[in-house]
Amino acid sequence: MNAGSPTLSLGPILYLWEGDKWRDFYYRIADEAPVHHVIIGETVCSKRLHFTEPHLSAVVERLELAGKHVVLSTLALVTLERESQYTRALVADSTHPIEANDLSALALLEGRPHSIGPLVNVYNAATARLLARRGASNICLPPELPASSIAEIVSGTQGVTFEVLAFGRMPLAISARCAHARAKGHIKDNCQFVCVEDPDGLPLKTLDRQSFLALNGVQTVSFTCQALLTELRDLVASGVSRFRLSPQDCDMVAVAGLYDAILHGRMEAEDGIARLRQIYPAAPLSNGFHHGQEGAAWVARARNIGHRATE
Amino acid sequence: MELICPAGTPTAFREAVDAGADAVYCGFRDETNARNFPGLNFSREELGDAISYARRKGTQTFIALNTFMRAGHESLWYEAAADAVRLGADALILADFGLMAHVAEAYPEQRLHVSVQASASNPDAVSFLVDAFGARRVVLPRTLTISDIARLARQIRCEIEVFVFGGLCVMAEGRCSLSSYATGKSPNMNGVCSPASHVRYRQDGGDLVSELGSYTINRFPRDEAAGYPTLCKGRFDIADASGYAFEDPVSLDVMDQIDALREAGVSALKIEGRQRGKAYVAEVVSTLRKALDARPEHRQALLARLRLLSEGQRTTSGAYEKRWR
């Protein structure tokens, strides 16, 4: 691997997928997807752990045999004693690098190399430097950050690689309450794992039938799919070295191939946008946060700014 | 237990002090605090006067600097921290690690409280904030039950403050970008949620429709009182059903759990509402003060009158009760 060249990572599956589907997804990623890092493990709801646990070691082995760097994700919201214990055991027992998604994981990982997930609030270089001093070696920045903040943080922090969410529905909120279970007539403590019925999230519309958000258990994600494509070149120039693809229920091997082709100059970003809409037609694309606008917005950019005046 | 009261204006501040607050919390008139609303908050001079007034009455003043520093503009937050220290703040309420590190290093004597926006919801998280920044108190996110709080209190080395009355975040605070997804403005970055600048009401047949950005948040038939379109308190469609997908338009009230909270190890009870007027602040603070000092059997009568002041006149005990989940 060329250390100077930007790479792709695959974020954790945020949704609840049946165990077999989950396993087969990763087997195919191992065999076919041009991603360097694979972040794996339940991130949203501790109640779901038993769905994937039986397959975890086989999946990790398969990914590593294929040369992928496996990173284990921690839970985003830790409130119960068993969630604290799970996080402590994960940190204590893991032989793999860990990505922290809440403050308890951050605390437990001090002094050893680790990653910071996009659900930890890193809004400025002072925070990034603090995390770097405590052992963070890679930071995936929150999706809400505009490009100007990303550039400031990256240029103001040494000794850390930076990663940005380039594809996928954006995690927007997490709650102690499960809106997904409630939408199906249950509460969290008796949820019957109904979120498994919606492997790409349960769409939530406004009363005027506008697509708006999607429910993923206790998490709320955007209805739109973040797609940074024309922005990749500028991000690389500003020092971002890793781009995260967050799994949706679509052909993620094709998504990874597309981003790899754009990142390495084999495909024009504009062509990639059209192709991406075919690969993942379920959600409109957005990049508004990156451009300092509402996150749901799509900001189209002229292919060549220099030609704009003559158009 | 201390009673921690909100003030969005110098007048409300004096009302809160006079009504029996143990501490009043407030912020500067800019994006350094999470209630960055037009016409609200304090200039340096106003805050200096307010702190002097509070001190004469034996009341503490906490300054909320609880948004996340915008990259490249950190000086706005650093200057606010310097001024709050200089003016004599009894505590700074902080959410951003970078700002916490700065305050801990530059003003080691300054009392540092962890804002609810920092989302410290478990013992390891709180220990991190105590060890790394010398945090003396943590304001807990509204994601915990009272038994969760009791368990947490036994395992940490700092004081606990919890929200007991007022507006209720449904989502874990400090970790929500719903507002900016619809409007471009968020609690974390701009100190606003579902900002009035992006709210519109329109008439559609017999319905009054409330919108945030370009999204319909609610629809009110003629006989229903229209509420403010806070995103997570809106009515939405899921599959074939429509309703309040996240939470009804209710507000938090767990004052009937005062004894359980005290037994759990809570040091301070916090009232939400820096955006509220002085009359509301005076009424709520004086009533809760009386309730806190009253014998348990007298409390219910005192608290009943507060229900009238609550949003939509309906209240919930939120995550403090397990079934809310």
Side-chain angles (χ1 to χ4, degrees), chain A residues 76-81 83-84 87-88 102-104 106-108 119 121 123-127 129-131 142-145 148-149 152-153 156 170 172-179 182-183 187-189 202-210 212-213 215 220 222 288-289 292-296, chain B residues 68-72 74 95-99 101-102 118-125 127-129 131 142-144 148 151 170-172 174-178 180-184 186 188-189 209 213-219 232 235-239 241-242 245-247 319 322-325:
Chain A
L77 186 60
V78 176
T79 53
L80 307 175
E81 180 66 19
E83 292 165 346
S84 282
T87 307
R88 286 175 196 151
D102 98 309
L103 305 199
S104 70
L106 262 188
L108 297 163
L119 302 173
N121 284 334
Y123 281 89
N124 48 65
T127 298
R129 287 194 297 265
L130 176 91
L131 298 177
E144 193 186 40
L145 282 181
S148 55
S149 287
E152 283 282 347
I153 294 168
M170 294 167 280
L172 296 177
I174 193 156
S175 175
R177 176 178 248 202
C178 187
R182 286 165 50 83
I187 62 166
K188 185 182 172 191
D189 289 342
L202 174 61
L204 177 151
K205 294 184 172 188
T206 72
L207 295 182
D208 290 321
R209 307 298 292 173
Q210 304 158 281
F212 187 22
L213 301 166
L215 304 179
T220 304
S222 61
F289 279 140
Q293 301 187 18
E294 64 269 24
Chain B
F68 292 83
M69 300 193 290
R70 190 164 77 255
E74 291 85 352
D96 185 301
F97 301 155
L99 185 57
H102 171 80
S119 199
S121 60
N122 58 66
D124 295 320
S127 298
F128 159 58
L129 298 162
D131 294 340
R142 282 163 272 195
T143 56
L144 300 164
D148 290 336
R151 181 175 47 78
V170 183
M171 307 301 176
R175 311 186 75 183
C176 181
S177 314
L178 289 173
S180 50
Y181 179 68
T183 71
S186 74
N188 285 2
M189 295 187 68
V209 178
S214 54
Y215 297 99
T216 297
I217 302 300
N218 215 332
R219 213 169 234 286
C232 61
R235 258 188 296 220
F236 300 103
D237 281 355
I238 299 171
S242 63
F246 301 105
E247 176 59 293
K322 204 166 178 235
R323 284 199 60 82
W324 183 81
R325 289 169 179 167

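Atoms considered below: every heavy atom in the structure, side chains included; atoms not considered: hydrogens, waters and symmetry mates. In this text, all values refer to a predicted model and were calculated from it rather than measured experimentally.
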If you count heavy-atom pairs under 4.5 Å between each of B:S127, B:C232, B:A182 and chain A, which one has the most? B:A182

Is there a side-chain contact between B:V209 and A:L207 in this structure, where contact means two heavy atoms from C-beta onward sitting under 4.5 Å apart? no

With a 4.5 Å cut-off on heavy-atom pairs, point out which of A:A126, A:A173, A:A183 contacts chain B the most. A:A173

Using atom types as modelled and distance alone, determine if a side-chain donor or acceptor of A:R88 lies under 3.5 Å from a backbone N or O of B:D124. no

Identify which part of B:L178 has an atom lying under 4.5 Å from any heavy atom of chain A, answering side chain, backbone, both or neither. both

Whether A:R177 side chain and B:V170 backbone form a donor-acceptor pair below 3.5 Å: no

For the student: nearest non-hydrogen atoms of A:T206 and B:D237, plus distance: O-OD2, 3.7 Å

Just by distance, with hydrogens left out, do A:D208 and B:T216 show a side-chain donor and acceptor under 3.5 Å apart? yes

Shorter than 4.5 Å, heavy atoms on both sides: which option in A:L215, A:T79, A:L202 has the most such pairs with chain B? A:T79

Under 4.5 Å from any heavy atom of chain B - which part of A:L213: side chain

Quick check: do B:S186 and A:E144 have side-chain heavy atoms less than 4.5 Å from each other? yes

Heavy-atom side-chain contact between B:R175 and A:L77 under 4.5 Å: yes

Dump the intermediate steps for side chain to side chain contact (heavy atoms under 4.5 Å, CB included) on B:N122 and A:T87, then the final yes or no. CA-CA 11 Å; B:N122 58 66; A:T87 307; over 6 Å; no

Ranking B:S242, B:A241, B:S121 by heavy-atom pairs under 4.5 Å to chain A gives rank one to B:S121

Roughly how far, to the nearest 0.5 Å, is the CZ atom of B:F246 from the SG atom of A:C178? 10.5 Å

Does a side-chain heavy-atom distance below 4.5 Å link A:L108 with B:F128? no

Residue, of A:A125, A:G288, A:S222, that accumulates the most heavy atom pairs under 4.5 Å with chain B: A:S222

Within the structure provided, determine whether B:L99 and A:T127 are in side-chain contact (heavy-atom separation under 4.5 Å). no

A:L103 and B:S119, any side-chain heavy atoms less than 4.5 Å apart: no

I want to check something: taking the side chain as every heavy atom from C-beta on, are A:S84 and B:P123 in contact at a cut-off of under 4.5 Å? yes

Interface moiety of B:A239 toward chain A, non-hydrogen atoms closer than 4.5 Å: backbone

Please list, chain by chain and in numerical order, all residues satisfying ring-ring contact (aromatic ring centres under 6.0 Å, His included) with B:Y215, sequence neighbours excluded. A:F212

For residues A:E294 and B:T183, is any side-chain donor paired with an opposing acceptor at under 3.5 Å? no

If we count only N and O atoms by modelled type, under 3.5 Å, do the side chains of A:N121 and B:D96 hold a donor and an acceptor together? no

Hey, are the side chains of B:K322 and A:D189 touching, using non-hydrogen atoms and a 4.5 Å cut-off? yes

For chain B, the option from A:M170, A:Q293, A:E81 that forms the most heavy-atom pairs under 4.5 Å: A:E81

Among A:G156, A:S104, A:S148, the residue with the most heavy-atom pairs under 4.5 Å to chain B is A:S104

Under 4.5 Å from any heavy atom of chain B - which part of A:I174: both

Pick whichever of B:A120, B:A101, B:A172 has the most heavy-atom pairs under 4.5 Å with chain A. B:A172

Scored by heavy-atom pairs under 4.5 Å with chain B, the best of A:R129, A:K188, A:E83, A:R182 is A:K188

At a heavy-atom distance under 4.5 Å, which candidate from B:S180, B:S214, B:G72 has the highest pair count against chain A? B:S180

